[in-house]
Protein chains: 2
Amino acid sequence: MALEHAILVSLLEQPGSGYELARRFDRSIGYFWTATHQQIYRVLRRMERDGWVEVRDVPQDGRPDKKVYSVAPPGHTALSDWLAEPVEPESVRHSLAVKIRGAAFGDPAGLIAETERHREVHAERLARYLAGEQRDFPESAELDAGQRLQHVVLRGGIAYERMTLDWLDDVLATLRRLGGAPEPH
Amino acid sequence: MALEHAILVSLLEQPGSGYELARRFDRSIGYFWTATHQQIYRVLRRMERDGWVEVRDVPQDGRPDKKVYSVAPPGHTALSDWLAEPVEPESVRHSLAVKIRGAAFGDPAGLIAETERHREVHAERLARYLAGEQRDFPESAELDAGQRLQHVVLRGGIAYERMTLDWLDDVLATLRRLGGAPEPH
DNA sequence: TCGGCCATGTAACACGTTACATGATTCT
DNA sequence: AGAATCATGTAACGTGTTACATGGCCGA
């Protein structure tokens with residue numbers, strides 16, 4: 001239910017095409033809400049039908065035409081309404097945790113490589129977030145309300161990745177102790 | 001794709017009915033993978049059809065019959081196969097974060113109550129996890145491999161809730177500073 | 001008597017994923 | 001020559017959510 005609202009927020013920050021939105025959902029907005037281009041196109045069409053967004057066809061030379069979407073007043077109203085109503089806190093979904101518990105009935109040592117792979121992915125994400133923070137929110141900068149809100153969300157992503165890295169180290173230590181492979185890296 | 005494997009893990013830990021599984025998905029397993037009873041019944045029927053689980057009808061007096069499921073050898077094999085193949089790390093989905101960024105185009109102060117509500121939910125979850133830890137993993141206890149793995153997963157849940165609480169405090173401070181409502185708590 | 005728990009299910013719909021399709025441009 | 005990027009889409013399928021349905025027991 002939040003995808004349309006995430007799109008509204010993104011389009012309010014900056015109008016753009018479905019393709020551009022899909023790229024933003026790989027960065028920025030995607031830090032806390034993911035979507036593929038197929039989902040985005042589908043929802044954009046529905047939002048256009050409902051009058052939440054407006055389209056402007058932008059011809060480009062040497063490239064396919066671009067449909068630039070922007071938020072129409074009813075879309076802005078819909079976003080405000082949604083902001084005012086409560087949403088349930090999401091629960092985590094972590095298939096690696098399922099695997100860890102499943103390892104009791106399989107091969108715990110076999111999970112070490114998988115856990116290390118996850119650790120690398122999260123380390124990369126953290127590095128990306130930290131680079132973004134340095135770039136967009138340098139110390140001693142005067143920030144407006146929107147930037148402060150963006151920054152606090154980014155700090156959430158950073159905290160999440162740091163916590164996850166620590167936990168994965170804990171998992172690795174636990175798996176190594178079980179498997180009798182005492183080499184810590 | 002992980003629901004069937006989460007069910008296999010849960011049934012290996014302890015055979016049970018669809019209803020009992022649904023209750024476990026509200027606790028324990030549900031700390032890192034959620035499912036409603038409708039999903040569970042649907043998947044159980046498919047798993048039974050594929051020979052992954054076996055059913056035993058248990059008549060009960062004064063209550064509806066119970067279908068007690070347990071893992072059959074092909075199910076055990078399927079779980080082992082899944083454990084050996086890589087899964088992609090999940091991305092976070094946090095609609096509150098969407099709201100926070102959306103607040104730049106709405107009413108930031110209006111989000112304070114919502115954020116406090118989320119904070120309470122996470123504080124309760126943390127308390128529940130900590131109580132479970134004290135109950136199931138007391139210090140100085142000898143733990144077998146399965147228990148150690150369960151414990152490290154629970155520690156992940158605890159770390160997640162602690163991190164989230166800290167972040168929500170950060171969010172609240174940010175929102176209060178924006179709104180000019182300097183009352184902390 | 002009323003709500004909650006035990007126990008299973010159907011139906012309809014929304015959301016998310018994967019595969020496929022097209023076609024020009026730009027970079028290596 | 002081949003791969004990546006820009007740009008939009010269809011089709012099929014699988015997963016997740018919501019509403020509804022049944023029916024007896026137990027405790028307040």
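Residue numbers begin at 1 in each chain, while the letters A, B, ... track the order of the sequences.
As a whole-Å value, the separation of K66(A) NZ from dC6(D) C1' is 9 Å. The distance between atom NE2 of H5(B) and atom P of dG14(D), rounded to the nearest whole Å, is 15 Å. At whole-Å resolution of the value, CE in M47(B) and C1' in dG14(D) are 16 Å apart. Nucleotide dT8(C) holds its P atom 12 Å from the CD atom of E48(B), rounded to whole Å. Distance D65(B) CG to dG23(D) P: 15 Å, rounded to the nearest Å. Nucleotide dT17(C) holds its P atom 10 Å from the CG atom of L3(A), rounded to whole Å. Atom CD1 of I40(A) is separated from atom C1' of dT10(D) by 17 Å (rounded to the nearest Å). Here dA7(C) presents its P atom at 12 Å from CG of L21(B), a figure rounded to the nearest Å.
D50(A) contributes no side-chain N or O that, together with a main-chain N or O of W52(A), makes up a donor-acceptor pair within less than 3.5 Å.
Between S17(B) and the phosphate of dC6(C), there is no side-chain N or O to OP1/OP2 separation shorter than 4.0 Å. Close to dT8(D), at under 4.0 Å from its OP1 or OP2, lies no side-chain N or O of Y19(A). Side-chain N/O atoms of Y41(A) include one lying less than 4.0 angstrom from OP1 or OP2 on dT8(D).
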Show the distances under 3.5 angstrom between N or O atoms of the protein and N or O atoms of nucleotides 17-21 of chain D.
| residue | atom | partner | partner atom | Å |
| --- | --- | --- | --- | --- |
| dA19(D) | N6 | Q38(B) | NE2 | 3.2 |

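Using modelled atom types, one finds a donor on one side chain and an acceptor on the other under 3.5 Å when comparing T34(B) with R93(A). For the residue pair S10(B) / R24(B), a side-chain donor-acceptor distance below 3.5 Å is found, with atom types taken as modelled.
Listed nucleotides dT8(D), dC15(C), dG16(D) differ in distance to E4(A); the shortest reach to its side chain belongs to dC15(C).
Of the residues near DNA chain C, A2(A) and R23(B), the one whose nearest nucleotide (by heavy atom distance) lies more toward the 5' end is R23(B).
Here the straight-line distance linking atom CZ of R101(A) with atom CG of L96(A) works out to 13.5 Å at 0.5 Å rounding.
With sequence neighbours excluded, the residues that form a ring pair (Phe, Tyr, Trp, His ring centres under 6.0 Å) with Y41(B) are H37(B).
Using bins of under 30°, 30° to 60° and over 60° for the plane-to-plane angle, the ring pair W167(B)/H94(B) lands in the perpendicular bin.
The stretch residues 67-91 of chain B participates, sequence neighbours left out, in these ring-ring contact (aromatic ring centres under 6.0 Å, His included) pairs: H5(B)-W82(B).
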